[in-house]
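Chain identifiers are assigned alphabetically (A, B, ...) following the order of the sequence lines, protein sequences preceding nucleic acid strands; residue numbering begins at 1 within each chain.
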There are 2 protein chains.
Amino acid sequence: MPTATEKQYTIGDFANAVGLSAPTLRYYENEGLIEPHRHDNGRRYYEEADINWVKFLLHLKGTGMSISELKQYVQWRAQGDATIPERLALLQQVKRDFLVQFNEVQHHLQILNDKINWYEEKEAGVTTDHESFRAYLDRFGHHE
Amino acid sequence: MPTATEKQYTIGDFANAVGLSAPTLRYYENEGLIEPHRHDNGRRYYEEADINWVKFLLHLKGTGMSISELKQYVQWRAQGDATIPERLALLQQVKRDFLVQFNEVQHHLQILNDKINWYEEKEAGVTTDHESFRAYLDRFGHHE
DNA sequence: GGTTGACTTAAAGTGCACTTGAAGTTATAT
DNA sequence: ATATAACTTCAAGTGCACTTTAAGTCAACC
């Protein structure tokens, strides 16, 4: 049973589909992250499956992986199942780093929220004239 | 009642105390974020309160504020209470942007976790030989 | 069939947030 | 007293992830 001929995307359409610019796609290709097909005239074309691949890469990138880490991951992947332990170890390390950052960033948000509340209450005349932000924070048990 | 003479930090000691390098502190000063005192010989010194100030700036920075946004915030702050509405609006915008990013990043983590689990199960021989990652994701209802 | 827009490569440029270097002064320890 | 370490300014350099430019080829529309 022959599958329907796959839709072919120009680099411009593909860029639109994945939310990147065409130059960025060429840059990623240069870095070895993507390998589009070529028409006889030299022009690139992309297929449906490439969309999923790029979106997956962007998820990994969004967890904090650099281009060179992605490149390493992709190289291992091209070498087949023998490199699964390496890939798994890399992703686990990325996850650990991510979680550390995630906790820090939540703390930053806490302080930002406190400051916003402080300004809002100050505007509404709720805090006493000379209460400092630090004293205010202390009331909530936040430190640093 | 005279308060105990405040401890004075050299730029090196202060850098240590706040977790930045001395050049970075000079850079921040250049950008108008910090204003240390000076000894008669021209050398900078910092006091306890400066530690809290820098740590607060680093919290704001950690929520995604750029150096130039911090600069704007600091300038408004120097202009007194009249600029509280501007400062509040800025921080509220920062918070909105932060929360958007925060949601996205949680989704990225979800995909990373799925991929790690997929590798772990594959290593343990749990998934069927030819199940694709996408099919695996679909079992959990994750998309994109 | 000509104009407009999308594509091609390779190299150079950008923006951010620092970091490093050069050249010199000052403080501290032996 | 002298070595060494920390400070000073100002300018230039770095790393990352793109973005822009230049010079040219190709495709689609009227």
Side-chain angles (χ1 to χ4, degrees), chain A residues 7-47 50 54-74 94 97-98 101 104-105 108, chain B residues 7-47 50 54-74 94 97-98 101 104-105 108:
Chain A
K7 183 179 177 190
Q8 297 182 349
Y9 293 83
T10 65
I11 193 168
D13 292 343
F14 188 73
N16 253 301
V18 298
L20 296 173
S21 71
T24 298
L25 286 172
R26 294 193 192 96
Y27 166 69
Y28 282 3
E29 183 181 341
N30 242 295
E31 296 300 313
L33 304 186
I34 319 171
E35 229 187 287
H37 313 272
R38 296 275 181 159
H39 288 296
D40 287 347
N41 58 21
R43 296 204 167 179
R44 296 168 179 82
Y45 70 90
Y46 302 78
E47 291 175 350
D50 299 321
V54 169
K55 284 189 174 172
F56 174 59
L57 285 180
L58 293 178
H59 281 305
L60 291 188
K61 187 162 183 296
T63 63
M65 284 180 79
S66 66
I67 298 293
S68 74
E69 282 175 321
L70 288 172
K71 189 192 308 196
Q72 175 67 84
Y73 177 82
V74 170
V94 167
D97 295 346
F98 177 96
Q101 284 296 311
E104 288 178 8
V105 114
H108 299 321
Chain B
K7 183 177 176 192
Q8 296 182 350
Y9 293 83
T10 65
I11 194 170
D13 291 343
F14 188 72
N16 253 302
V18 297
L20 296 173
S21 71
T24 299
L25 286 171
R26 294 194 193 96
Y27 166 68
Y28 281 2
E29 182 181 343
N30 242 293
E31 296 301 313
L33 304 187
I34 319 171
E35 229 186 286
H37 314 271
R38 297 275 184 159
H39 289 294
D40 289 346
N41 58 23
R43 297 204 167 178
R44 294 167 178 82
Y45 69 89
Y46 301 78
E47 290 174 353
D50 299 321
V54 169
K55 285 188 173 172
F56 173 60
L57 285 180
L58 292 179
H59 282 304
L60 291 188
K61 187 163 182 294
T63 63
M65 286 181 78
S66 66
I67 299 293
S68 74
E69 281 175 321
L70 288 171
K71 190 192 306 198
Q72 175 66 84
Y73 177 83
V74 170
V94 167
D97 295 346
F98 177 96
Q101 284 297 311
E104 288 178 7
V105 113
H108 298 321

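The stretch residues 14-34 of chain B participates, sequence neighbours left out, in these ring-ring contact (aromatic ring centres under 6.0 Å, His included) pairs: B:Phe14-B:Tyr46.
Side-chain atoms of B:Asp50 come within 3.5 Å of backbone atoms of B:Glu47 as a donor-acceptor pair (strictly under, hydrogens ignored).
One atom, CG of A:Leu25, and another, P of D:dT20, lie 15 Å apart when rounded to the nearest Å. The CG atom of A:Leu70 sits 14 Å away from the C1' atom of D:dC18 (whole-angstrom rounding). If you take CD of A:Glu31 and C1' of D:dT19, they are 14 Å apart, rounded to a whole angstrom.
In 5' to 3' order, the nucleotides of DNA chain C bounding all contacts with chain B (an atom under 4.0 Å from a heavy atom) are C:dA17 to C:dA27.
Looking at heavy atoms from C-beta onward, B:Gln8 lies out of side-chain contact with B:His37 at the 4.5 angstrom threshold.
Heavy atoms only, all atoms of each residue included: B:Leu70 and B:Lys61 are closest at CD1-CB, 4.0 Å. Scanning all heavy atoms of the two residues, the minimum distance from A:Phe98 to A:Gly62 falls at CE1-O, 4.5 Å. Scanning both residues, B:Thr63 and B:Leu60, for their nearest heavy atoms gives OG1-O, 2.5 Å.
With respect to the salt-bridge test (charged N to carboxylate O, under 4.0 angstrom), the residues B:Glu29 and B:Arg38 qualify.
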Discussion item. Does the protein touch nucleotides 5-12 of chain D at the base, only the backbone, or not at all? Give it as B, S and - per nucleotide, heavy atoms under 4.0 Å.
Written reply: -BBBB---
Discussion item. Under the criterion side chain to side chain contact (heavy atoms under 4.5 Å, CB included), I'd like the reasoning laid out for A:Val105 against B:Val105: C-alpha separation, chi angles, the key distance, then a yes or no.
Written reply: CA-CA 11 Å; A:Val105 114; B:Val105 113; over 6 Å; no
